[in-house]
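We name chains A, B, ... by the order of the sequence lines, and we start the count at 1 in each one.
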2 protein chains.
Amino acid sequence: MNASRTARERVRAELIREITDIARRQLATEGAVGLSLRAVAREMGMVSSAIYRYFPSRDDLLTALIIDGYNALGEAVEHADAACARDDFAGRWLAVCRAVRTWALAHPHEYALLYGSPVPGYAAPQDTVAAAVRDTAVYGRIVAEAHRAGRLTPPPICPPPPAIMAEDAEVVRSLIPDVPDDVVTRAIVAWTGLFGMVSFELFGQFNNTITHRAELFDHNMTCLARLLGLPE
Amino acid sequence: MNASRTARERVRAELIREITDIARRQLATEGAVGLSLRAVAREMGMVSSAIYRYFPSRDDLLTALIIDGYNALGEAVEHADAACARDDFAGRWLAVCRAVRTWALAHPHEYALLYGSPVPGYAAPQDTVAAAVRDTAVYGRIVAEAHRAGRLTPPPICPPPPAIMAEDAEVVRSLIPDVPDDVVTRAIVAWTGLFGMVSFELFGQFNNTITHRAELFDHNMTCLARLLGLPE
DNA sequence: AGCGATTAGAGAGCAGTGCTCTTGACGAAT
DNA sequence: ATTCGTCAAGAGCACTGCTCTCTAATCGCT
């Protein structure tokens, strides 16, 4: 009985996989608003209403794609970090930044789904936040390890963070353990700077303006690394 | 004859204004994807097809809203800058940053239209880029004036910008005149950092994580100002 | 003042969407 | 062998952007 149940479950899981695959392909070509359940069904040779057996609504399909996207980006970031020497903290940071940019350029619509304007009326369920921190954790680990190794020497240019932010830092601390508050705030500056840069490039803010984007990206990420206090 | 022509033109302009007003209100409540020409027509007591006399397509209406948005943001930024002492460059930068954030929080959907994921299949026409640089010009002016006044003393932490970027800097130079390349690249770091921060807050990346957002924002913008080399 | 040309609005209609409900068939457990 | 839950299918609702045709009003000019 158990075997038969899993047989049914298996074909069900296979169908869900196929649906998300087709949906991801559609997302890549048409974007999030062009994602159509009917089109997915058509491509599968199903009738549209049958899809609702597997995803109760379009938003649920979007949620699945979002989680997949966070995991794909997280994986790319983890690989980039793993390929570096552990004590080359600046190199790890730059590798992580490049991995984010490369993945985003390769999957622009998925990136937009993760870091672009939220789809109105769509509230990201709690499932997504777990996947969302995957890449952030990598990069928090780099900062934390650099700090622990005594290799974090931030230039004395930032004002001390307001005391009120200690609580927030508390929440963030699970991602960047055992670092002082001012390291946390600098890390947030670098973090938002990274994604601000990638988003600007991807969302067209550099059009007609900046052409040597890879070079500028590397340079700016290095500036942020210095602000963070990463060595070299 | 001129008067009568303008009579017709006037009612036409009035209707266009009314359409964009209703559309903007709809945008504010429903978001860009919820913007419906039929709903606008319904609210105006018109039939849907009549709208097409004024906006040949939904994208054209969106374009009008985008241009209006850039101008509204630009105006807010200009006002914030104008309220500061001309030689208080750090104060002007922070005021501009706050103006962007305040405007974005007050008009989240419009901000998303300007700086969020681009609507797929929608290519921003050239008209929008002219309006888009309005706020950027303000902020480039602050940096340029600080540099000209000899008040720009960037900390020696950034590597020199790659020579290849000189051409890009050339293009940007109209917005930040008469500054060396490394000032331009630092300015881009600060610029992307500002919008990266605002976008993260608005697009939900700080949810369940950072609560004292105004304080963190001010602090981080000050860090970026120091990186830029703005005094005080 | 009146006539021809231009413009505005109304309505029907097409193709597409997300989603719901009902119907009939199949396979598994009793 | 029969009951029961699952599944695909189809019809249908309300909505979208957009195009067409037709009518009525308005404007410019003689």
Could you list the residues that satisfy side-chain contact (heavy atoms from CB on, under 4.5 Å) with [X], not counting sequence neighbours?
X: A:A137; result: A:R141, A:L175
X: B:S117; result: A:A112, A:S117, A:F203
X: B:A82; result: none
X: A:H79; result: A:E75

Given D:dA14, is OP1 or OP2 found less than 4.0 Å from the side-chain N or O atoms of B:R42?
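Looking at the OP1 and OP2 atoms of D:dA14, neither is under 4.0 Å from any side-chain N or O of B:R42.
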Counting only heavy atoms and a strict 4.0 angstrom limit, can you tell me which residues of residues 12-27 of chain A come near DNA chain C?
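None - not one residue of the stretch has a heavy atom sitting under 4.0 Å from the strand.
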Does a side-chain N-to-carboxylate-O contact under 4.0 Å join A:R17 and A:D21?
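The answer is yes: the pair qualifies as a salt bridge.
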Check ion pair B:D181-B:R186 (N to O, under 4.0 angstrom)
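No, B:D181 and B:R186 are not salt-bridged.
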Nearest-neighbour nucleotide for the A:Y54 side chain, C:dT17, D:dA8, C:dG9 considered
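Per side-chain heavy atoms of A:Y54, the pick is D:dA8.
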What side-chain donor-acceptor pairs closer than 3.5 Å can you find for residues 45-56 of chain B, not counting sequence neighbours?
none

Output the rounded distance in Å from [atom1] ([X]) to [atom2] ([N]).
X: A:F55; N: C:dG18; atom1: CZ; atom2: P; value: 14 Å
X: B:D60; N: D:dG17; atom1: CG; atom2: P; value: 13 Å
X: A:I51; N: D:dA9; atom1: CD1; atom2: C1'; value: 13 Å
X: B:E30; N: D:dT16; atom1: CD; atom2: C1'; value: 14 Å
X: A:M44; N: D:dC7; atom1: CE; atom2: P; value: 13 Å
X: B:L62; N: D:dG17; atom1: CG; atom2: P; value: 10 Å

Tell me every residue that passes side-chain hydrogen bond (donor to acceptor under 3.5 Å, both in side chains) with A:N71, counting only those two or more places apart in sequence or in another chain.
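By the side-chain hydrogen bond (donor to acceptor under 3.5 Å, both in side chains) rule, A:N71 matches A:R134.
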Which donor-acceptor pairs under 3.5 Å do the side chains of residues 93-104 of chain B make with protein atoms, sequence neighbours left out?
unit_1 : atom_1 : unit_2 : atom_2 : d
B:W93  : NE1    : B:M221 : O      : 3.0
B:R98  : NE     : B:D218 : OD1    : 3.2
B:R98  : NE     : B:D218 : OD2    : 3.1
B:R98  : NH2    : B:D218 : OD2    : 2.4
B:R101 : NE     : B:E201 : OE1    : 2.9
B:R101 : NH2    : B:E201 : OE2    : 2.9
B:T102 : OG1    : B:R98  : O      : 2.7
B:W103 : NE1    : B:H107 : ND1    : 3.4

Looking across every strand, which nucleic acid part, if any, lies under 4.0 Å from B:L35 by heavy atom: base, sugar-phosphate, or nothing?
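Sugar-phosphate, no base atom in range.
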Atom pairs under 3.5 Å: protein N/O with N/O of nucleotides 10-14 of chain C:
unit_1 : atom_1 : unit_2 : atom_2 : d
C:dA10 : OP2    : B:V47  : N      : 3.2
C:dA10 : N7     : B:S49  : OG     : 3.4
C:dG11 : N7     : B:S49  : OG     : 3.4
C:dG11 : O6     : B:S49  : OG     : 2.7
C:dG13 : O6     : B:R38  : NH2    : 3.4

